[in-house]
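When reading the values below, keep in mind they use all heavy atoms of this one structure, side chains included, and skip hydrogens, waters and symmetry mates. Residue numbering restarts at 1 for every chain, and letters A, B, ... go by the order of the sequence lines.
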Amino acid sequence: MSDTPPLDISHDQHAVRRAKLAEMRAGGFDPFRANVATTHFSAEAKALYVDGQDNVVSVTVAGRLVTFRVQGGSSFVKIQDQQGPIQLYFRKDVLGEERYLVFKKGLDLGDIIGVTGVLFKTKTGEITVRVDSFVLVSKALRPLPEKWHGLADAEQIYRQRYLDLIINAESRHRLMTRSKIVSHIRRFLETQSFIEVETPVLESTAGGAAARPFKTHHNALGVDFYLRIATELRLKRMLVGGFDRVFEIGRIFRNEGVSRRHNPEFTMLEVYQAYSDYRGMMTLIKDMLTTLIRDVIKPADGSLKIKHAASGQDIDFGGEWREVKYKDLIREATGDAEWFSRSKAEKISGAEKLGLGVNPAWEEFEITNEIFSKKIEPTLIQPTFVTHLPKELCPLAKITPDDPTTIDVFELTIGGMEVAPAYSEQNDPDVQRTMFEAQAGEEKQNIDQDFLLALEHGMPPAGGMGVGIDRLCILLTGAESIRDVILFPQLRPGSA
RNA sequence: GGGCUGGUAGCUCAAUGGUAGAGCAGUUGCCUUUUAAGCAAUUGGUUCCGGGUUCGAAUCCCGGCCGGCCCA
């Protein structure tokens with residue numbers, strides 16, 4: 001024994017908690033070896049309470065301690081589980097002097113405990129568990145962020161998402177809603193006889209879209225692979241193979257910038273339906289989104305309206321959705337009925353008149369599309385099917401029968417964002433090859449020869465569609481950034 | 001990649017060239033129906049990192065690291 005006084009660790013919450021753990025272990029109890037057999041989640045437990053029948057129904061619940069209001073001989077605390085918080089009431093005269101002291105001194109905010117007790121209603125009307133026994137099943141050695149302001153540091157929210165989920169109820173709700181959205185989409189498609197499939201992430205040709213891929217290397221085969229930038233060409237092979245309605249909800253990787261709207265890996269739903277076309281896809285997406293809003297988002301007023309975070313407007317998914325041709329939108333925005341017969345020089349000056357910077361190296365369709373994406377798309381807040389895009393924008397769709405310069409497609413635009421492009425899928429192998437080879441500018445895709453071979457075996461006519469799940473979640477949850485709907489968004493490696 | 005902007009106690013934030021503070025959390029007491037519980041006392045700092053200017057730097061300057069917003 002030494003005479004030196006014990007070190008003052010009262011300011012170091014980590015050290016204080018470690019000391020409490022060490023003391024428990026010295027007393028023969030190790031929380032990390034303990035467990036609890038729960039009977040209910042928090043909301044289920046509260047639902048069991050019968051008005052006027054205090055201290056009758058017994059439950060065992062478990063969760064993380066998130067509020068801690070200790071008084072002399074009785075205390076209220078809250079634990080939180082997957083379903084939310086539930087209040088617990090600890091009394092010295094119920095637990096006994098010794099256990100009450102363990103509760104008061106041994107437990108900290110953030111600890112995970114299990115309790116058994118009976119339901120009652122407090123005088124302020126909150127259904128609460130009066131605790132008969134409790135067990136610590138995990139000691140939190142680090143303190144929780146502050147209870148009132150929550151966790152505000154954006155970097156820590158993303159790097160330590162688990163803290164954000166514990167502390168910030170809106171984050172918890174938003175990210176849970178994402179899970180429900182994906183689940184709803186699966187069930188919606190399955191009830192319409194769509195089959196979910198999984199196609200490779202590693203490909204020797206990254207096709208189906210125009211984007212820079214991530215590259216990796218397979219050691220045993222001694223070849224380079226690319227992470228997929230779309231699932232389109234694989235899913236169309238499934239149509240060739242006789243899976244007439246298929247979909248994949250898959251992670252897509254694009255080696256491009258990181259921004260409010262872009263994460264290097266993101267989630268895309270792609271759907272293909274044989275014997276349908278782009279008009280069939282309109283019905284499909286409209287049904288999918290209206291049922292999503294009705295069954296998952298559930299607007300309080302029973303409408304199909306949601307608040308658009310960026311503009312403050314209501315987006316109304318009820319009624320007919322606007323349908324408008326790409327060329328008509330361009331003619332309207334430029335005020336030039338003859339826009340598409342203008343020379344490149346005239347298009348450049350037309351774009352500049354609208355305040356756009358134009359790179360003279362661009363192809364004409366790229367100049368036009370700059371007008372679309374900068375001046376038109378952001379104004380399309382209500383659900384809008386923009387149809388009949390210039391054929392240069394996508395080589396994988398069928399040419400419009402009465403206009404050989406456009407394709408039979410739509411881009412569903414909501415809240416100023418492209419949410420879902422859909423096509424009548426090109427199934428003529430010769431036209432497909434020609435269209436691939438004619439690609440130019442930033443739209444140029446890698447040519448997947450094996451896909452062309454598959455088309456030569458015969459692909460049924462089909463409608464296909466892609467839905468950016470992250471963007472859909474931004475829209476439906478009122479988020480401001482893609483990082484708010486992705487659990488662990490990409491950041492530069494850091495020290496946290 | 002460029003412009004703007006931020007990094008201070010575990011968390012949320014003050015301090016604009018002159019002794020680094022507050023609230024919550026922590027610690028010690030009191031308190032048997034609380035709701036950001038209350039009361040009293042109290043601990044806690046590599047001011048992101050490295051240089052520079054200055055009698056003196058959280059603050060001004062340069063470089064770096066990690067974020068945010070806008071643009072490409």
Nearest-nucleotide pick for A:R69, side chain only, options being B:U33, B:U12, B:U34: B:U34

Given B:G68, B:U32, B:C11, identify the nucleotide with an atom nearest to the side chain of A:Q71. B:U32

Heavy atoms under 4.0 Å, any strand shown: does A:R492 hit a base, just sugar-phosphate, or nothing? sugar-phosphate

Taking the minimum atom-to-atom distance to the side chain of A:V16, which one of B:U12, B:U33, B:U27 wins? B:U27

Have a look at A:F120 and say if it touches a base, only the backbone sugar-phosphate, or nothing, with a 4.0 Å heavy-atom cut-off. base

On a plain distance test, is the side chain of A:E126 in donor-acceptor contact with the base of B:U34 below 3.5 Å? no

Euclidean distance, A:T368 OG1 relative to A:L329 CG, rounded to 0.5 Å: 12.5 Å

Proximity to the side chain of A:K105 - top-ranked nucleotide from B:U28, B:U32, B:U33: B:U28

With rounding to whole Å, what would you report as the distance between B:G51 and B:G68 at their C1' atoms? 26 Å

With a 6.0 Å cut-off on ring centres, are A:F410 and A:Y423 close enough? no

Residue pair A:E346, A:S349: steps toward the side-chain hydrogen bond (donor to acceptor under 3.5 Å, both in side chains) verdict: CA-CA 5 Å; A:E346 287 168 324; A:S349 76; over 6 Å; no

Could you let me know what B:G1 is paired to, Watson-Crick or G-U wobble, both distances under 3.5 Å, or none if it's on its own? B:C71

As its Watson-Crick or G-U partner within any shown strand, both distances under 3.5 Å, B:G23 has B:C11

Regarding A:K123, tell me which of base, sugar-phosphate or nothing describes its non-hydrogen contacts under 4.0 Å with the strands shown. base

Report the base-pairing partner of B:U47 (Watson-Crick or G-U wobble, both distances below 3.5 angstrom), or none. none

Taking for each residue the nucleotide of RNA chain B with the nearest heavy atom, is it A:R91 or A:K147 whose nucleotide lies nearer the 5' end? A:R91

Please tell me which of A:E370 and A:T67 maps to the more 5' nucleotide of RNA chain B, matching each residue to the nucleotide holding its nearest heavy atom. A:T67

Name the pairs: protein N/O against N/O of nucleotides 41-49 of chain B, kept only if under 3.5 Å.
from, atom 1, to, atom 2, distance (Å)
B:U43, O2', A:D8, OD2, 3.4

Using atom types as modelled, flag every donor-acceptor pair under 3.5 Å from a side chain in residues 384-397 of chain A to any protein atom, sequence neighbours excluded.
from, atom 1, to, atom 2, distance (Å)
A:T384, OG1, A:Q382, O, 2.8
A:H388, NE2, A:Y278, OH, 3.3

When the ring planes of A:F134 and A:F103 are compared, do they come out parallel, tilted or perpendicular, using 30° and 60° as the limits? perpendicular

Counting Watson-Crick and G-U wobble pairs only, both distances under 3.5 Å, name the nucleotide matched with B:C39, or none. B:G29

Identify whether any heavy atom of A:Y158 sits under 4.0 Å from a base atom; if not, whether one sits that close to sugar-phosphate; answer base, sugar-phosphate or nothing. sugar-phosphate

Check whether any side-chain nitrogen or oxygen of A:K104 sits under 4.0 Å from OP1 or OP2 of B:U27, and answer yes or no. no

For B:U12 and B:G7, measure between their P atoms and round to the nearest Å. 12 Å

B:U27 phosphate, OP1 or OP2, under 4.0 Å from A:K20 side-chain N/O: yes

Using atom P in both nucleotides, what's the gap between B:C70 and B:U8 to the nearest angstrom? 23 Å

Nucleotide opposite B:G6 in a Watson-Crick or G-U pair, distances under 3.5 Å: B:C66

So what does A:V70 touch, heavy atoms closer than 4.0 Å: a base, only the sugar-phosphate, or nothing? base

For B:U27 and A:R17 - does any side-chain N or O of the residue sit under 4.0 Å from the phosphate oxygens OP1/OP2? no

Counting only side-chain heavy atoms from C-beta out, which of B:U33, B:U12, B:G68 sits nearest to A:A154? B:G68

B:C70 OP1/OP2 closer than 4.0 Å to side-chain N/O of A:R260: yes

With rounding to whole Å, what would you report as the distance between B:A22 and B:U34 at their P atoms? 30 Å

When all nucleic acid strands are considered with a 4.0 Å heavy-atom cut-off, which category describes A:G150: base, sugar-phosphate, or nothing? sugar-phosphate

Separation of the P atoms in B:G18 and B:G23, to the nearest angstrom: 23 Å

State yes or no: are the ring centers of A:Y326 and A:F372 separated by less than 6.0 Å? yes

Within the structure shown, what part of the strands sits under 4.0 Å from A:R130 by heavy-atom distance: base, sugar-phosphate, or nothing? nothing

With a 3.5 Å cut-off and heavy atoms only, can you find an N or O donor on one side and an acceptor on the other between the side chain of A:E146 and the base of B:A25? no

Taking any heavy-atom pair under 4.0 Å as a contact, classify A:L491: base, sugar-phosphate, or nothing. sugar-phosphate

Under-4.0 Å side-chain N/O to phosphate OP1/OP2 contact, A:Q87 with B:U34: no

Taking the side chain of A:T122 as heavy atoms from C-beta outward, which of B:U12, B:A37, B:U33 is closest to it? B:U33

Please determine whether a side-chain nitrogen or oxygen atom of A:R159 lies at a distance below 4.0 Å from atom OP1 or OP2 of B:C66. no

Taking it one step at a time, do A:K344 and A:E364 satisfy salt bridge (Lys or Arg N to Asp or Glu O under 4.0 Å)? CA-CA 6 Å; A:K344 183 171 172 181; A:E364 288 187 34; over 6 Å; no

